[in-house]
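Take a look at the structure below.
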Amino acid sequence: MNRMITLTTDFGLRDGYAGEMKGVILGINPDAAIIDISHEIEPQNVGQAAFVLGTTSPHFPPGTVHVVVVDPGVGTERKAILLETTSGLFLGPDNGVLSYVMEANPQYRAIALTNSKYWRKPVSLTFHGRDIFAPVAAHLSKGVAPGELGETVTSLATLYICQPEEQGSELVGEVVYIDGFGNLVTNIRESDLPQQHEAVEFEVGGRVIRGLSRSYAEGGELLAIPGSSDRMEIAARNGSAASRLGARIGQKVLLRKLNPDVNHA
Amino acid sequence: MNRMITLTTDFGLRDGYAGEMKGVILGINPDAAIIDISHEIEPQNVGQAAFVLGTTSPHFPPGTVHVVVVDPGVGTERKAILLETTSGLFLGPDNGVLSYVMEANPQYRAIALTNSKYWRKPVSLTFHGRDIFAPVAAHLSKGVAPGELGETVTSLATLYICQPEEQGSELVGEVVYIDGFGNLVTNIRESDLPQQHEAVEFEVGGRVIRGLSRSYAEGGELLAIPGSSDRMEIAARNGSAASRLGARIGQKVLLRKLNPDVNHA
Amino acid sequence: MNRMITLTTDFGLRDGYAGEMKGVILGINPDAAIIDISHEIEPQNVGQAAFVLGTTSPHFPPGTVHVVVVDPGVGTERKAILLETTSGLFLGPDNGVLSYVMEANPQYRAIALTNSKYWRKPVSLTFHGRDIFAPVAAHLSKGVAPGELGETVTSLATLYICQPEEQGSELVGEVVYIDGFGNLVTNIRESDLPQQHEAVEFEVGGRVIRGLSRSYAEGGELLAIPGSSDRMEIAARNGSAASRLGARIGQKVLLRKLNPDVNHA
């Protein structure tokens, strides 16, 4: 059992919606420790929420209950699901928002939340975060078994998670997330680099970055560096790479391995 | 007794003001569980805070201590008050910010916070949130009786809460809140609808919306739907109704009951 | 021992970075109470973070562990330090971000965090908040002795904290912080005023403000008032002094003592 419950939503911080969820949780489990991962996901941006939850949740203790509510289809036929994994219990709508979690935890069990015994009544049309996900999370944190919550399901909605591709001598990756500093997080992993890490160059938006940096403060105006989620990042010294490059999600990032014996200067 | 204390302010999230309140509370009651409802209320917008607190607080356990600090009159003669209700204890300035709470809990008792024994000293001119409301909340959460905090008062400042009005065959309501998704929350209740829910149309900003939707994803570009606080909402599919309509608080929303036997197509 | 840990960062609230730190802390000390001071410090603005932490932290119980991560030099040779004071334990990069804390607690002991036993492994190049500061904070909150964490250091980076200067009959101060309401917080203290508080005038941006106000609601369009951190503030009634004056950090603020026996009307 684990009294920790995290929240990831697109509710923003002005309205009372996140507060309503917390009130419902604490009404069921007054000892719950509720941790906000983010309420500033862009409205209806399922992919952004999927990435944030996928990179943040592994740092929480196993058994933590993670709730994600970015749910443009609330009130339609889309299922509400629980994903049971060895690294945590994940609650959210079946719209792909758990895709990164599923990729990292392929041995999951999925359950459709159909047992209304654990819901707040009446269930509103527009706010299952408060009326289904929050009370179910609170009951899970008190030790209710996942199997109590509904039936196992096998077919789930997933987002397409793009992997980098070898094309000739290049690895073609892309920008999968842009953080608040304007750092471009790519789908190229540190393990995609050659053994001699420095013998590479990146190309993005027509700009070429030669070699790797060891800190945001070192390197030229633009730099490439292994980021904190094991993904290669394109960053700008004391600034935003995103604004300097006019970058966007999905933009191509090329990795070229250089011959270290040749002078590329 | 209840160790839960919620905060609703217009302090924003960059400055340390909310943090100062939390520090003061935890210095008095280290076991307090402090829950942020919102610190992003628009500066000095008493009406917005009143609505957010009024719709969010009912979801917390009875006995929760709710603190609201949107207080442009801090340091003037305006009273600091405690509202004791069966659904919670509410602390805030006497400027109308508790109006929705009073409407929902007409059997309240109000106490002016005059007993300086429970304040932080010295009391600043500009920050009673930290120096009066926070320490009083902490003492309440430790079981101090409301009657210890000051004298009962009977006359309180209230905001005018506009109710919809019948005009001929129409019900004339208005927009009372616009949420972060751009949904227009109205003062028309689901119970104002005719028994045959679908036999209605709404008019707002010159646009007519026929019938009700059952989800944000169904219906036309603009749709009407019963929202999560039992109020009718005008929403836009995957977008912001507020920007599509250029809507503002106080804008009229008309509800017309249609004769279900007549073809309105 | 104190289970309270505060966080002050420039991570913003959309990304998962603050959440990752919380996950790491709770993995080590599940009973930690984590309080956000701010995650909305302007990116890389060390001075802003220093001020926010310096004015907020004194309101927390002694022994609280305060973590500040505004760290543009992460991954370079800059040290990671612990400042041990009678008012709390402070963790952050050695880049001046603890300057206000050091000024208020001149009897501190500083320790360079060099004992990797208390770190998360592997340590990323770009996120020592998660990999060094968060786990060290968690261990401190569980009672690990500061001396276990590394070696005492004596030379630390500090920001220049400007003090007001007498120039003839004037005291020349400056704006040191602008809060979210647009109030200009100055480095002139209430104790810099003459005994007859009212016999003063302030000049800022070519505008003269005569006398002091006792509340934000009293006084002219612009007013001067002792603020909640014992600093004189320039404010605007129901508005932003910063926008009215086009003010900026470092802008001069003059204090002139008036002869109370002369009519200055």
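Predicted model, so just to flag it, every value in this text is computed and none were measured.
- Residues C:T56 and B:Y17 form no side-chain contact, since every pair of their non-hydrogen atoms from C-beta on lies 4.5 Å or further apart.
- Using a 4.5 Å cut-off on side-chain heavy atoms (C-beta onward), C:F181 and B:Q44 make contact.
- Every residue two or more places apart in sequence or in another chain that forms a side chain to side chain contact (heavy atoms under 4.5 Å, CB included) with C:K257 is listed here: C:P194.
- For chain C, the nearby parts of B:T126 are the backbone and the side chain; heavy atoms of each come within less than 4.5 Å.
- Looking at C:Y177, the atoms closer than 4.5 Å to chain B (heavy atoms on both sides) all sit in the side chain, from C-beta outward.
- Comparing C:P58, C:G182, C:S228 by how many heavy-atom pairs each has under 4.5 Å with chain B, the most go to C:S228.
- Residue C:A217 comes nearest to B:P72 through the heavy atom pair CB-O, 3.9 Å, listed as atom of the first residue, atom of the second, then distance.
- Neither the backbone nor the side chain of C:L7 comes within less than 4.5 Å of any heavy atom in chain B.
- Of all the heavy atoms in B:G75 and C:S215, the pair that sits closest is C-CB, 3.8 Å.
- When each of C:H39, C:E233, C:E218, C:M4 is scored by its heavy-atom pairs under 4.5 Å with chain B, the top score falls to C:M4.
- For C:I225, the part sitting under 4.5 Å from any heavy atom of chain B is the side chain, from C-beta outward, and nothing else.
- The parts of B:D10 that come within reach of chain C are both its backbone and its side chain, each placing non-hydrogen atoms under 4.5 angstrom from that chain.
- Residue-level contacts of residues 127-139 of chain B with chain C, in order of numbering, are B:F127, B:R130; threshold 4.5 Å between heavy atoms.
- Of the two parts of C:S213, only the backbone, made up of N, CA, C and O, holds a non-hydrogen atom closer than 4.5 Å to a non-hydrogen atom of chain B.
- For C:D230, no part lies under 4.5 angstrom from a heavy atom of chain B.
- Within the 3.5 Å criterion, the main-chain N or O of B:L13 finds a donor-acceptor partner in the side chain of C:S38.
- Between B:L26 and C:I35 there is a side-chain heavy-atom pair separated by less than 4.5 Å.
- Between B:L125 and C:P226 the shortest side-chain heavy-atom distance falls below 4.5 Å.
- Counting heavy-atom pairs closer than 4.5 Å to chain C, the top residue among B:R14, B:K22, B:M21 is B:R14.
- The residue among C:A33, C:S57, C:S240, C:G180 with the most heavy atom pairs within less than 4.5 Å of chain B is C:G180.
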